[in-house]
Amino acid sequence: MTQPSLFIPHGGGPCFFMDPADPDHPHSDPMWQPMQDYLAGLIASLPERPRAILLVSGHWEEAAFTVHVGERPALLFDYYGFPPHTYTLRWDAPGAPDLAARVAALLADAGFATAQEAARGWDHGVFIPLKVALPDADIPLVQLSLRHDLDPAAHVAAGRALSVLRDEGVLIVGSGMSFHNLRVRGAQATAPSQVWDNALTAAVTDPDPANRAARVIAWDSLPNAHFAHPREEHLLPLMVALGAGGDDPAVRDHHSMVIGWAVSGYRFG
């Protein structure tokens, strides 16, 4: 059965695991609770359990699209200033070297230069949301990097090249944040972030697939675009998910307000 492709918000740092009394179980501040609930229901919302997950995180960039080929990556605690217990979290998902090889081949067939990485750990754009969504870490995972140039059209095209994996039981996930301006909080963010979110959602859910892709590729022409993303690395995983979605309908399947930010998640197919 064909899996959808998803763009999910991964929160802020280890936001779902801040309780030192029970660090391995999600227990977030109330403002993060709607996002936590959304992530916790992801696997049950799918047409069937995926045989594997291919995830693109806003926290990994390389010169060329790079595929993680490791068999059992550790965790990469790439957040700063959080309580000590958040640096001892565990999430022991297996890698999927065979799928990684297929990902690299599909990208190469589409004309992309690719590279491989085996030593890097799962960054927090991977393990924080998936520790909520998949606490038993029992679905094999492959991580794919962003390309450092952050070219939106190239990332949409990469997603299109990988879309056939959905028919093979692979869940394709872009993990980022639809709003990611760390300099603003509270009331100064709320109104402009909602204007941005409405415009982004209108583009992402355009019923015409060609228009949808063109509008999202031109994200920086949307209102408040650079207020929402002073640098767009947390938006680029959306491009991959959109490309992988092909001509399938798109919906916004999450919306919440955190730290004054309007944040959304999207589903294709």
Side-chain angles (χ1 to χ4, degrees), residues 3 5-6 8 10-11 13-18 22-26 36 39-40 42-44 46 48-80 82-108 112 114-148 158-159 162 164-166 168-176 233 237 240-241 244:
Q3 292 288 348
S5 63
L6 305 175
I8 64 170
H10 62 231
C15 60
F16 310 118
F17 299 95
M18 294 291 286
D22 196 9
D24 276 325
H25 295 87
Q36 177 182 310
L39 293 169
L42 273 185
I43 300 301
L46 301 174
E48 63 183 16
R49 189 174 177 83
R51 74 169 182 89
I53 296 171
L54 171 62
L55 187 143
V56 181
S57 163
H59 289 275
W60 186 21
E61 301 173 30
E62 298 287 351
F65 287 116
T66 300
V67 185
H68 201 302
V69 299
E71 294 188 2
R72 186 71 66 167
L75 300 187
L76 174 61
F77 296 102
D78 56 337
Y79 43 70
Y80 307 95
F82 288 94
H85 77 270
T86 63
Y87 298 90
T88 61
L89 296 173
R90 296 285 301 274
W91 191 74
D92 300 324
D98 289 349
L99 175 59
R102 177 134 170 77
V103 168
L106 288 169
L107 290 172
F112 290 104
T114 64
Q116 296 184 354
E117 161 65 51
R120 189 179 188 272
W122 304 134
D123 62 61
H124 79 275
V126 181
F127 75 85
I128 291 298
L130 291 190
K131 189 171 169 63
V132 178
L134 196 67
D136 293 332
D138 55 355
I139 297 177
L141 175 74
V142 170
Q143 186 175 4
L144 174 67
S145 78
L146 297 173
R147 205 171 71 180
H148 187 67
L162 299 169
V164 295
L165 297 173
R166 295 172 52 209
E168 300 170 13
V170 177
L171 178 66
I172 298 175
V173 179
S175 172
E233 79 287 344
V240 179

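Reckoned from all heavy atoms, side chains included, excluding hydrogens, waters and symmetry mates.
The aromatic rings of Y79 and Y87 sit tilted, their planes meeting at an angle between 30° and 60°. Taking the six-membered ring where the residue is Trp, H59 and H10 present tilted rings, their angle falling between 30° and 60°.
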Exercise. Show your working on side-chain contact (heavy atoms from CB on, under 4.5 Å) between E117 and V67 and close with a plain yes or no.
Key: CA-CA 6 Å; E117 161 65 51; V67 185; over 6 Å; no
Exercise. Carefully, step by step, assess E168 and R51 under the rule side-chain contact (heavy atoms from CB on, under 4.5 Å).
Key: CA-CA 8 Å; E168 300 170 13; R51 74 169 182 89; 4.0 Å; yes
Practice problem: Walk me through it: do E61 and S145 pass the test side-chain contact (heavy atoms from CB on, under 4.5 Å)? | Solution: CA-CA 5 Å; E61 301 173 30; S145 78; over 6 Å; no
Quiz item: Would D138 and R49 satisfy salt bridge (Lys or Arg N to Asp or Glu O under 4.0 Å), going step by step from the backbone distance to the final call?
Solution: CA-CA 11 Å; D138 55 355; R49 189 174 177 83; 2.6 Å; yes
Quiz item: Passes side-chain contact (heavy atoms from CB on, under 4.5 Å), L130 versus L39? Steps please.
Solution: CA-CA 8 Å; L130 291 190; L39 293 169; over 6 Å; no
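For F17 and F82, the gap between ring centers reaches or exceeds 6.0 Å.
Judged by distance alone, the side chain of D78 and the main-chain N or O of H124 form a donor-acceptor pair under 3.5 Å. Looking only at distances, no side-chain donor or acceptor of T86 sits under 3.5 Å from a matching main-chain atom of P84. Put simply, the side chain of R90 never gets that close to the backbone of D24: no donor and acceptor are under 3.5 Å apart. Looking only at distances, a side-chain donor or acceptor of Q3 sits under 3.5 Å from a matching main-chain atom of E48.
H68 meets the ring pair (Phe, Tyr, Trp, His ring centres under 6.0 Å) test with W122; sequence neighbours excluded. Applying the ring pair (Phe, Tyr, Trp, His ring centres under 6.0 Å) criterion to F112, with sequence neighbours excluded, gives F65.
P83 is listed as a side-chain neighbour of M18, based on a closest heavy-atom distance under 4.5 Å. At least one side-chain heavy atom of L162 sits less than 4.5 Å from a side-chain heavy atom of L107. With contacts defined as side-chain heavy-atom distances shorter than 4.5 Å, the pair T66/T114 does not qualify. Side-chain contact between P129 and S175: present, with at least one pair of heavy atoms (C-beta onward) separated by less than 4.5 Å. Under the 4.5 Å side-chain criterion, counting only non-hydrogen atoms from C-beta, L146 is not in contact with W60. V56 has its side chain out of reach of V173: every pair of non-hydrogen atoms, C-beta onward, lies at least 4.5 Å apart.
Contact record, V132 with P26: CG2-CB, 4.1 Å, taken as the closest heavy-atom pair. The nearest pair of heavy atoms linking P14 to I128 is CA-CD1, 3.7 Å. Pairing each heavy atom of S5 with each of A241, the nearest pair is OG-O, 2.7 Å. Closest of all the heavy-atom pairs between A52 and L99 is CB-CD2, 3.6 Å. Between G95 and P140, the closest heavy-atom pair is O-CB, 3.9 Å. Contact detail for S57 and Q143: the closest heavy-atom pair is CB-NE2, 3.4 Å.
The CD1 atom of I139 lies 4.5 Å from the CD1 atom of I53; values are rounded to the nearest 0.5 Å. Remark: L134 CG to D136 CG distance equals 7.0 Å, nearest 0.5 Å. Atom CG in L75 sits 10.0 Å away from atom CG in D123 (nearest 0.5 Å). Here the NZ-CG distance, from K131 to D92, works out to 8.5 Å after rounding to the nearest 0.5 Å. The structure places CG of L144 at 10.5 Å from CD of E62, a figure rounded to the nearest 0.5 Å. Summarising the geometry, atom CG belonging to L171 is positioned 11.0 Å from atom CG belonging to L165; distances are rounded to the nearest 0.5 Å.
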